Amino acid sequence: MRLAQAAAETARAAGEVPVGAVLVRGDEVIASGFNHPIGGHDPSAHAEMAALRAAAQALGNYRLPGCELYVTLEPCLMCAGAIMHARIARVVFGAHDPKTGACGSVVDAFANPQLNHHTSVSGGVLADECGEALRTFFAERRRASREARRAARSQSEEEQTRAGACSPDEPPA
């Protein structure tokens, strides 16, 4: 999970939501990935998807049996589907996602007995640390947004003041 957290830090440094994933088989790290949908102009560029793509390329197979995926945030439904399709044996995630989590928080895609592949799931590993990285990121994003709105308001007020200082017959500077 520490490697997944390092990948999440790469996402944060790029201005993306800090989620990281690492795919392992036994003691071998096969691939890692981090969120980059904004920079990649790709709604599917979640950390899990990036790690799955890289692992499939590294192993020369879209099926990844015997592999485990460590991810800092509970996978969404899109990622859960890809995880099952890749035949990942186990998913270990950090923070629960109460808005889009597909490992039990909103839906539990992995608990459906009708599906032909069953992935085991363990959640809450380093949950406090993983969750804090996300909370800090979004708090900083909200603070920056407030400051930008404040600066825009201030600039608008200054422009109005300058425009009002001109005489009615005189064009604004």
Side-chain angles (χ1 to χ4, degrees), residues 1-138 140-141:
M1 188 60 77
R2 295 282 183 212
L3 294 174
Q5 288 176 308
E9 178 57 27
T10 303
R12 188 208 57 76
E16 303 276 359
V17 175
V19 179
V22 174
L23 197 125
V24 301
R25 185 170 55 190
D27 292 335
E28 180 186 9
V29 173
I30 306 294
S32 67
F34 58 88
N35 261 17
H36 61 282
I38 298 167
H41 309 291
D42 180 358
S44 71
H46 289 191
E48 301 94 322
M49 300 295 278
L52 289 170
R53 286 180 185 124
Q57 289 298 308
L59 297 176
N61 193 345
Y62 76 101
R63 299 286 169 115
L64 305 168
C67 291
E68 297 181 351
L69 182 68
Y70 291 80
V71 60
T72 58
L73 181 65
E74 180 180 2
C76 70
L77 197 52
M78 173 186 67
C79 293
I83 289 164
M84 284 186 267
H85 192 64
R87 304 296 195 258
I88 299 299
R90 181 174 175 229
V91 172
V92 179
F93 69 88
H96 289 268
D97 186 346
K99 294 184 178 179
T100 63
C103 298
S105 290
V106 176
V107 296
D108 194 347
F110 298 101
N112 188 330
Q114 294 173 307
L115 297 172
N116 67 337
H117 176 72
H118 301 282
T119 300
S120 69
V121 177
S122 300
V125 175
L126 298 178
D128 291 341
E129 292 176 41
C130 293
E132 185 58 29
L134 290 159
R135 282 187 294 280
T136 301
F137 173 81
F138 286 113
E140 175 58 29
R141 185 186 260 183

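The structure displayed is predicted, hence computed values, not measured ones.
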Measure from the side-chain N and O atoms of [X] to the backbone N and O of [Y], and report whether any donor-acceptor pair falls under 3.5 Å.
| X | Y | result |
| --- | --- | --- |
| His117 | Leu115 | no |
| Glu16 | Ile38 | yes |
| Thr72 | Gly20 | yes |
| Asn35 | Pro18 | no |

| said: Can you confirm whether Gln57 is buried at CD, in the sense that more than 12 heavy atoms of other residues, nucleotides or ligands lie under 6.0 Å from that atom? | reply: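 Open.
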| said: For a side-chain contact (heavy atoms from CB on, under 4.5 Å) check, start with the C-alpha distance between Val121 and Glu74, then their side-chain angles and the critical distance, and finish with the verdict. | reply: CA-CA 10 Å; Val121 177; Glu74 180 180 2; over 6 Å; no
Min side-chain heavy-atom separation [X]-[Y] under 4.5 Å:
| X | Y | value |
| --- | --- | --- |
| Ile88 | Leu52 | yes |
| Val19 | His46 | no |
| Met1 | Cys130 | yes |
| Pro75 | Ile83 | yes |
| Thr100 | Val106 | no |
| Tyr70 | Leu3 | no |

Work out which heavy atom in [X] is nearest to a heavy atom in [Y]; give both atom names and the distance.
| X | Y | answer |
| --- | --- | --- |
| Thr119 | Met84 | OG1-CG, 4.3 Å |
| Ala31 | Ala55 | CB-N, 3.5 Å |
| Asp97 | Ser105 | O-CB, 3.2 Å |
| Ala50 | Gly33 | CB-CA, 3.9 Å |
| Met49 | Ala82 | SD-CB, 3.5 Å |
| Pro43 | Pro37 | CA-CB, 4.4 Å |

| task | Output the distance between atom CG (Leu126) and atom CZ (Arg2), rounded to the nearest 0.5 Å. | result |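 Answer for the CG-CZ pair, Leu126 versus Arg2, is 4.5 Å.
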| message | How long is the straight-line distance from CG of Asn112 back to NE2 of His118, given to the nearest 0.5 Å? | response |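 So the NE2 of His118 and the CG of Asn112 are separated by 8.0 Å.
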| task | Determine, step by step, whether Thr136 and Glu140 satisfy the side-chain hydrogen bond (donor to acceptor under 3.5 Å, both in side chains) criterion, reporting the C-alpha distance in whole Å, the side-chain angles of both residues, the deciding distance to 0.1 Å, and the verdict. | result | CA-CA 6 Å; Thr136 301; Glu140 175 58 29; over 6 Å; no
| said: Test side-chain contact (heavy atoms from CB on, under 4.5 Å) on Asn116 and Arg87; report intermediate values, then the result. | reply: CA-CA 10 Å; Asn116 67 337; Arg87 304 296 195 258; 3.5 Å; yes
